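Working notes, structure below.
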4 protein chains.
Amino acid sequence: MGEPAAKTANAPAGTAADVPADAPADAPADAPQRGRPRSHRAHQAILAAASDLLLNRGLSAVSMDVVAERAGVSKATIYRWWPTKESLALEALFSEWSAVQPAVRDTGSLRDDLVSLIRPWARLVGSRPYGAVIAQLIAAAQADPAFAAEYRRRFVEPRREAARAALQRAEERGEIPADVRIEVALDLIYGPIYHRLLHGHEAVTDRFVKEAIDMALNGIRGRSGPATA
Amino acid sequence: MGEPAAKTANAPAGTAADVPADAPADAPADAPQRGRPRSHRAHQAILAAASDLLLNRGLSAVSMDVVAERAGVSKATIYRWWPTKESLALEALFSEWSAVQPAVRDTGSLRDDLVSLIRPWARLVGSRPYGAVIAQLIAAAQADPAFAAEYRRRFVEPRREAARAALQRAEERGEIPADVRIEVALDLIYGPIYHRLLHGHEAVTDRFVKEAIDMALNGIRGRSGPATA
Amino acid sequence: MGEPAAKTANAPAGTAADVPADAPADAPADAPQRGRPRSHRAHQAILAAASDLLLNRGLSAVSMDVVAERAGVSKATIYRWWPTKESLALEALFSEWSAVQPAVRDTGSLRDDLVSLIRPWARLVGSRPYGAVIAQLIAAAQADPAFAAEYRRRFVEPRREAARAALQRAEERGEIPADVRIEVALDLIYGPIYHRLLHGHEAVTDRFVKEAIDMALNGIRGRSGPATA
Amino acid sequence: MGEPAAKTANAPAGTAADVPADAPADAPADAPQRGRPRSHRAHQAILAAASDLLLNRGLSAVSMDVVAERAGVSKATIYRWWPTKESLALEALFSEWSAVQPAVRDTGSLRDDLVSLIRPWARLVGSRPYGAVIAQLIAAAQADPAFAAEYRRRFVEPRREAARAALQRAEERGEIPADVRIEVALDLIYGPIYHRLLHGHEAVTDRFVKEAIDMALNGIRGRSGPATA
DNA sequence: GTTTAAGCGAGACGGTACGTCCAGTCTTTCA
DNA sequence: TGAAAGACTGGACGTACCGTCTCGCTTAAAC
């Protein structure tokens with residue numbers, strides 16, 4: 001999160017994820033810092049240009065040439081820090097969303113926990129053009145497992161983890177049966193929203209979000225299990 | 001319908017692809033059939049080449065140049081019948097799947113109806129590489145409303161309609177409440193499967209399909225959910 | 001001239017250039033004339049469309065597709081009568097010029113003969129866009145000897161022949177030496193005008209035409225021959 | 001001039017094609033020379049391929065695709081330096097002719113000056129396939145004024161200028177009248193040769209060149225022509 | 001009056017080239 | 001050593017013609 005760790009170890013200053021193994025042993029968190037330092041300005045300009053293109057004209061408009069030109073940067077500089085335009089777009093979108101973190105509240109009610117978690121996100125994501133951008137990232141992920149993992153790690157898992165925690169608390173409270181398969185439950189919660197988001201057959205309204213969560217919760221709470229074999 | 005067939009609609013909605021001209025006897029002698037007739041050989045070769053590329057190397061490999069070369073056909077011929085490579089891929093995939101039509105059986109049990117409808121499809125679609133292909137088509141749909149509509153018309157609506165019919169029968173039988181919001185229920189049924197299919201965070205196993213359908217049905221049968229917001 | 005004889009023998013009526021060898025021996029100039037007769041309307045429409053394109057947008061705009069569409073005619077019909085678009089353009093231009101035949105007058109003065117022959121033509125040809133069209137036809141002729149011969153036969157030789165006759169009359173009158181090389185003299189007369197026409201370095205004005213003819217005549221009349229070896 | 005060299009002007013007017021960068025010592029260090037330097041190898045390969053195609057198969061065979069393939073170069077590289085295939089062909093032909101510069105000698109006799117200037121060129125140009133190539137360039141020039149200017153600047157003006165100088169010397173010597181219209185005289189000298197070259201009605205032989213020059217000089221020396229219109 | 005044969009409109013088709021755009025890589029100079 | 005500049009390969013894009021072809025319809029002379 002701090003430094004999003006694109007490509008290899010591009011975070012020489014602070015919270016080094018991959019401190020070079022041959023560091024001076026006692027120089028604690030201070031990379032030796034040789035050569036010209038990375039341009040913070042260039043970095044920001046690239047992300048800004050990519051964000052702009054991504055949100056206004058879609059992933060396919062995020063071409064390295066155009067980003068470089070808009071950011072006043074050379075293509076080589078982009079390639080130095082991001083291996084593909086998809087990973088650049090990923091980070092651009094991520095930084096765009098940094099405000100809307102999955103804020104989990106423990107309200108004591110599973111339903112309220114989920115609504116407070118999911119509704120803000122559904123509103124954000126349901127407002128064009130995020131649905132389109134996400135679909136394009138998902139498509140890009142199909143051909144690149146590493147990118148797929150990165151996408152899930154940043155965009156899917158955090159929210160899924162928050163909902164998972166809420167479900168576990170509900171289980172401990174006895175609000176849902178102890179034998180509920182939580183991963184399936186999570187898919188039952190998020191699946192319908194993503195479905196509308198990506199397929200666009202209907203709009204992702206607040207009402208839909210509420211109804212889908214309620215219906216899913218009904219299913220999760222169980223009551224009877226499969227009526228027939 | 002007879003044979004105007006330029007660009008779109010060169011394969012009908014969901015039923016037989018090429019009604020033999022000698023069919024209903026009283027059909028009004030429809031098209032006078034002018035000009036050189038369309039080459040069936042070329043048509044098939046194009047779809048075969050596109051299918052092959054699509055399934056083995058993904059949508060991005062379906063390039064007009066390569067399809068043309070493999071099909072022994074000129075690019076102009078492809079463009080005459082398909083406006084974009086996406087629409088070509090769509091039809092190629094559709095013809096690939098023509099065997100697996102959404103066969104709906106009326107078993108008298110909603111759960112059995114749904115399982116018999118969804119499991120074969122989930123097996124097909126969960127077997128690589130269909131998930132990837134579908135994700136790519138969905139991505140392409142984001143930037144092209146017409147294409148999105150066509151995709152939904154051919155791939156989403158037929159199965160949704162089949163499930164909708166099953167739900168309506170169940171409602172008439174009193175198996176589910178009369179006030180169930182059917183479109184939401186449909187998203188609860190299909191959403192989780194598409195979610196795994198597209199995000200790939202977990203595999204779409206038979207067991208998952210069964211569990212997700214059961215859980216969704218529980219939610220749809222409802223009764224205990226929070227009566228008020 | 002009567003029937004311009006494009007392609008093979010499309011002039012069944014009159015002055016048949018290629019009477020079929022198996023003709024009835026005594027049926028003199030009357031082809032048997034079987035099948036549907038040639039459409040005069042189509043013929044005219046094709047030439048009109050070709051002329052229009054040729055004069056307004058140049059030879060490169062005379063494409064078979066566009067001519068066919070404009071003339072409301074099928075491409076096959078054009079190809080039936082003209083082997084290439086160049087030959088079509090040639091005939092279109094020729095019919096466009098049919099009014100301005102090389103009218104030769106015998107004024108008794110070589111200079112007056114030539115001026116009366118050449119000035120009207122120079123005016124016509126110097127008015128855009130004929131220069132461009134002629135240049136394009138000449139270029140097309142470079143790669144196709146048959147077309148080159150046809151071009152010369154229709155556009156160059158008639159005027160050259162008229163001037164040749166004037167020179168011969170002048171020679172008989174003693175106005176120019178008997179040993180003048182007439183073919184060279186013709187090039188001296190026409191060459192400068194074509195030069196300006198095709199290269200466009202200067203305009204083909206009336207004054208230029210007069211001066212060039214005068215200077216050429218001076219050279220032709222001779223007086224002294226090469227001053228030195 | 002130094003090396004801005006985009007599109008046009010990537011070969012100088014009429015003199016040395018690539019002045020070595022270390023030339024005049026006091027040249028103001030002109031271009032800072034940023035970025036990857038242009039590939040000399042690619043440049044030469046492109047011109048060589050274009051020349052080959054041009055001379056052996058004509059201008060229409062100089063297609064960007066084929067030149068790129070033969071030169072082992074990408075099309076984009078060609079388009080970076082030449083806007084059209086015509087301009088490429090122009091420069092290819094020019095470089096092909098770089099040896100045969102218009103060498104003017106001051107022999108003291110106008111006729112000898114002209115013969116020494118024109119005969120080598122007429123021999124070169126009269127040897128196939130240069131006539132065809134020149135005709136095709138002239139045709140291309142009709143639709144593109146910029147190209148026409150470039151063509152004249154490189155191929156026509158230098159020789160015209162050389163002849164103009166010879167005429168002026170002759171005028172100063174009193175060998176031709178002071179009131180001769182030099183531009184017309186130049187057309188009288190070059191016109192006949194171009195005429196045969198482009199129309200191909202007769203061959204451009206040494207004898208023809210001599211006779212045409214003699215006849216033209218007679219006309220230029222003048223004196224006896226009709227004093228009044 | 002029925003052949004027979006050509007003319008014709010329509011339009012599909014295989015090819016070829018166009019000019020543009022983008023992904024990635026590489027080579028240079030400057031900071 | 002990072003960054004800017006920008007040349008370069010490779011490949012796909014979508015369009016436009018060319019010249020050929022396969023149809024079915026029309027028109028008239030020949031039988």
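Below, chain A is the first sequence line, B the second, and so on; all start at residue 1. All of these numbers come straight from a predicted model, not from anything done at the bench.
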Closest non-hydrogen contact found for D/S74 with D/A68 is C-CB, 4.1 Å
Would one find more than 12 heavy atoms of other residues, nucleotides or ligands at under 6.0 Å from atom CD of B/Q44?
yes
Check: B/N56 side chain, B/D52 main-chain N or O, donor-acceptor pair, under 3.5 Å:
yes
Over how many whole Å does the gap from D/W82 atom CH2 to E/dC18 atom P extend?
15 Å
Of D/K85 and A/A61, the one whose closest DNA chain E nucleotide lies more 5'
D/K85
In terms of ring plane angle, is the pair A/H43 and A/W81 parallel, tilted or perpendicular, where the classes change at 30° and 60°?
perpendicular
For C/R57 and F/dA16, give me the distance from atom CZ to atom C1', rounded to whole Å.
12 Å
For D/L47, is there any backbone N or O sitting under 3.5 Å from a side-chain donor or acceptor partner on D/S51?
yes
Check the distance between F/dA4's C1' and A/R70's CZ and give it to me in whole angstrom.
20 Å
Over how many whole Å does the gap from A/I78 atom CD1 to F/dG2 atom P extend?
17 Å
Output the rounded distance in Å from OH (B/Y79) to C1' (F/dC17).
16 Å
Nearest whole Å is fine: how far is E/dG7 P from C/I46 CD1?
13 Å
Spacing of C/D65 atom CG relative to F/dA16 atom C1', expressed in whole Å:
8 Å
On a heavy-atom basis, the closest approach of C/I78 and C/V73 is CG1-CG1, 3.9 Å
Just the rounded figure in Å: distance from C1' of F/dG11 to CE of D/M64.
17 Å
Report each atom pair, protein N/O against N/O of nucleotides 6-10 of chain F, whose distance is under 3.5 angstrom.
{"unit_1": "F/dA7", "atom_1": "OP2", "unit_2": "D/R80", "atom_2": "NH1", "d": "2.3"}
{"unit_1": "F/dA7", "atom_1": "O4'", "unit_2": "D/R36", "atom_2": "O", "d": "3.3"}
{"unit_1": "F/dA7", "atom_1": "N3", "unit_2": "D/R36", "atom_2": "NH1", "d": "3.3"}
{"unit_1": "F/dC8", "atom_1": "OP1", "unit_2": "D/S39", "atom_2": "N", "d": "2.4"}
{"unit_1": "F/dC8", "atom_1": "OP2", "unit_2": "D/W81", "atom_2": "NE1", "d": "2.8"}
{"unit_1": "F/dT9", "atom_1": "OP1", "unit_2": "D/G72", "atom_2": "O", "d": "3.4"}
{"unit_1": "F/dT9", "atom_1": "OP2", "unit_2": "D/S74", "atom_2": "N", "d": "3.1"}
{"unit_1": "F/dT9", "atom_1": "OP2", "unit_2": "D/T77", "atom_2": "OG1", "d": "2.6"}

